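This report refers to the structure that appears directly beneath it.
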Amino acid sequence: IPVDPFDLVIFGGTGDLAMRKLLPALFRRDADGQIPATARILGLARTDQDTESFKAEARAALHKHVAVDELDSIALERFIERLSYLHIDVTDARAWGELVSYLNERPEHIRVYYLAVGPALFGPIAQGLAQVGLATTKARLVVEKPLGHDLASAMTLNRELSSVFNEKSIYRIDHYLGKETVQNLMALRFANALFEPLWNANRIDHVQITASESLGVGTRGSYYDTAGAIRDMVQNHLVQLLCLLAMEPPYKFDADALRDEKLKVLRSLRPITGRNVLTNTVRGQYLAHGPDAPSYLQEVGNPDSKTESYVAIKAEIDNWRWSGVPFYLRTGKKLRAQMTEIAVVFKEPAHSVFGDLETPSMPNVLSIRLQPDEGLQLVIMTKDPGPGGFRLRAIPLDMTFAEGRGSNWRMPDAYERLLMDVVRGNQTLFMRGDEVEAAWRWIDPIIEAWEASGLRPEGYDPGSRGPIAAVEMMARDGRRWREIE
Ligand code: BG6
């Protein structure tokens with residue numbers, strides 16, 4: 001379904017996010033016929049270049065990030081024609097004038113301002129837009145993490161943005177919410193009668209949320225070392241997944257109804273402070289592996305860094321539904337495989353009628369896989385067929401999303417969905433300011449307690465499952481992590 005005509009202005013138009021994610025996503029939506037003929041895309045950056053060289057850069061980026069069989073030449077040329085470039089220094093009043101003239105050519109268009117720049121520029125750009133009259137009711141402002149470094153800075157940022165834009169015009173992206181499997185989690189919970197009665201502390205033993213990456217921090221060391229796994233992945237992506245999994249059913253699938261429910265989960269997270277941090281969290285840092293695989297410390301160029309490239313947290317939700325059900329979160333770089341998964345582990349049957357079998361019963365597990373092979377799997381126990389004894393066998397009921405879609409089918413990238421939602425004015429998959437603050441309110445004391453402890457993260461071998469202490473944390477609870485594969 002085509003969206004309404006729009007002008008999308010990308011501040012930081014020549015940056016990595018624009019080239020790697022935004023332009024490819026827009027191209028794909030365009031190639032699919034979702035973008036109206038008059039829509040335009042304007043790249044803004046400090047680089048002194050003209051529209052022609054920006055187009056050449058965009059073309060190269062599309063060749064790099066979009067599969068050859070998707071790059072239909074007619075669609076590519078049509079897309080490139082939508083692009084323009086403006087060299088801008090946001091502190092220079094004259095440059096804002098050029099932006100105004102460009103946008104005023106199409107006054108009827110929806111205006112989207114995507115701030116693909118560092119957070120220090122969010123406030124000044126929002127102010128600049130307001131001063132030249134561009135913060136209109138038709139405008140939408142898109143920002144992405146880091147949305148603050150802690151609660152105080154997140155509150156300052158929210159204040160800066162909301163002094164110019166109404167909350168209804170601010171789109172805070174967490175790209176995990178745009179992933180198809182994550183949206184499927186909501187379909188699974190709220191469009192099936194089967195799961196909801198089981199979705200509570202009576203039936204669920206615990207939940208594991210894993211985002212394991214095989215790559216290291218690479219060239220992003222200077223940013224990453226100020227953030228660490230907790231700010232880079234947990235405060236946003238993993239906590240958002242936890243909210244969708246744990247929230248009460250919203251009264252309808254509407255932005256505020258859903259975000260109200262997520263907020264309640266965030267407020268129910270049991271604080272992890274002081275000494276609890278040693279039992280409920282584990283931090284790790286990857287070690288070197290020969291001359292070609294530098295350690296975390298070498299990669300970020302800071303031999304004293306205590307920043308974690310791995311974190312595991314036992315989170316507890318103090319409410320009626322989840323009392324006593326731990327949510328174990330873990331994420332890390334340079335682990336043994338690339339795997340993002342939510343696993344809901346059910347309780348064992350109340351009584352084992354089969355007695356001592358050779359093959360014991362296993363708990364039912366519902367796994368929701370974000371990557372690779374996006375899909376759902378429900379492990380159930382069955383009888384191993386055959387006339388022999390009575391042996392139990394765990395069988396997965398499998399639903400891989402790509403299956404049955406044909407070989408050309410491609411899982412849409414999160415940004416495709418999210419960018420079109422911005423144009424449509426649908427905030428359901430975007431974070432509200434109060435949610436971001438509530439997440440920091442839970443995260444800040446953890447970081448403070450780590451700092452107060454003075455302890456270093458535990459080293460782990462690249463390609464491993466992470467620090468031993470994380471295995472021990474689970475073992476203390478009589479549980480095991482799911483395999484990373
Ligand atoms: C980003 C983090 O937000 O998410 C990266 O900054 C991380 O460090 C990435 O690699 C993971 O995203 P995905 O979509 O590959 O799981």
Side-chain angles (χ1 to χ4, degrees), residues 12 15-22 24-25 28 65 114-119 142-149 154 171-185 208-242 244 283-286 296 299-300 305 307-312 329-343 367-375 401 410-419 429-431 436 439-440 443 457 462 466 484-485:
D16 179 65
L17 180 67
M19 292 295 160
R20 202 164 44 84
K21 289 289 185 185
L22 306 182
R28 287 181 171 127
H65 300 295
Y114 200 119
L115 309 195
V117 292
V142 187
V143 289
E144 195 164 346
K145 76 145 217 271
L147 298 175
H149 188 71
Y171 290 73
R172 295 179 190 79
I173 287 204
D174 183 313
H175 79 280
Y176 268 51
L177 296 181
K179 290 183 188 263
E180 284 293 320
T181 337
V182 176
Q183 295 171 62
N184 240 298
L185 171 60
Q208 297 188 23
I209 303 180
T210 302
S212 154
E213 296 186 277
S214 47
L215 295 177
V217 294
T219 53
R220 296 167 72 224
S222 56
Y223 146 73
Y224 194 91
D225 204 39
T226 63
I230 196 162
R231 292 190 175 94
D232 187 50
M233 292 291 290
V234 180
Q235 188 272 344
N236 37 69
H237 308 323
L238 298 198
V239 163
Q240 285 293 319
L241 297 183
L242 178 147
L244 293 179
R283 284 183 307 155
Q285 237 179 26
Y286 56 83
Y296 175 81
E299 264 187 337
V300 300
S305 173
T307 302
E308 73 291 345
S309 62
Y310 174 101
V311 61
L329 316 178
R330 68 178 160 161
T331 181
K333 304 261 182 210
K334 284 238 180 141
L335 295 175
R336 73 190 292 248
Q338 194 76 20
M339 177 188 103
T340 313
E341 181 203 71
I342 299 167
S367 69
I368 301 150
R369 205 153 165 117
L370 280 65
Q371 63 176 330
D373 310 326
E374 290 95 329
F401 295 137
R410 173 187 62 78
M411 181 68 84
D413 185 72
Y415 283 94
E416 293 179 52
R417 161 86 206 209
L418 295 175
L419 283 166
L429 299 176
F430 297 82
M431 293 177 294
V436 176
W440 280 118
I443 294 287
I484 295 177
E485 55 193 5

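Counting convention: from 1, in listed order, for ligands and their atoms alike. These numbers come from the heavy atoms of this one structure, side chains and all, not from hydrogens, waters or symmetry mates. If you're wondering where the values come from, they're calculated on a predicted model, not measured in any experiment.
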For residues 212-237, pull every pair meeting salt bridge (charged side-chain N to carboxylate O under 4.0 Å, His left out), keeping only residues two or more places apart or in separate chains.
K145-D232, E213-K333, R220-D232
Write out each pair where an N or O from ligand 1 and one from the protein are under 3.5 Å apart, with the distance.
residue  : atom   : partner : partner atom : Å
ligand 1 : 3 (O)  : K145    : NZ           : 2.5
ligand 1 : 3 (O)  : H237    : NE2          : 2.7
ligand 1 : 6 (O)  : K145    : NZ           : 2.7
ligand 1 : 6 (O)  : R220    : NH2          : 2.8
ligand 1 : 6 (O)  : D232    : OD1          : 2.6
ligand 1 : 6 (O)  : D232    : OD2          : 3.4
ligand 1 : 8 (O)  : R220    : NH1          : 2.9
ligand 1 : 8 (O)  : D232    : OD2          : 2.6
ligand 1 : 8 (O)  : K333    : NZ           : 2.7
ligand 1 : 10 (O) : E213    : OE1          : 3.3
ligand 1 : 10 (O) : E213    : OE2          : 2.5
ligand 1 : 10 (O) : K333    : NZ           : 3.2
ligand 1 : 12 (O) : H175    : NE2          : 3.2
ligand 1 : 14 (O) : H175    : NE2          : 2.8
ligand 1 : 14 (O) : K179    : NZ           : 2.6
ligand 1 : 16 (O) : Y176    : OH           : 2.6
ligand 1 : 16 (O) : Q371    : NE2          : 3.0

Is the closest side-chain heavy-atom distance between V234 and V311 below 4.5 Å?
yes
Could you pull out all residues at least two apart from Y114 that satisfy ring-ring contact (aromatic ring centres under 6.0 Å, His included)?
none
Can you list the residues that meet the ring-ring contact (aromatic ring centres under 6.0 Å, His included) rule with Y176, with sequence neighbours excluded?
H237
Roughly how far apart are L419 CG and K21 NZ, rounded to 0.5 Å?
11.5 Å
To the nearest 0.5 Å, what is the distance between CG (L17) and CD (E144)?
5.0 Å
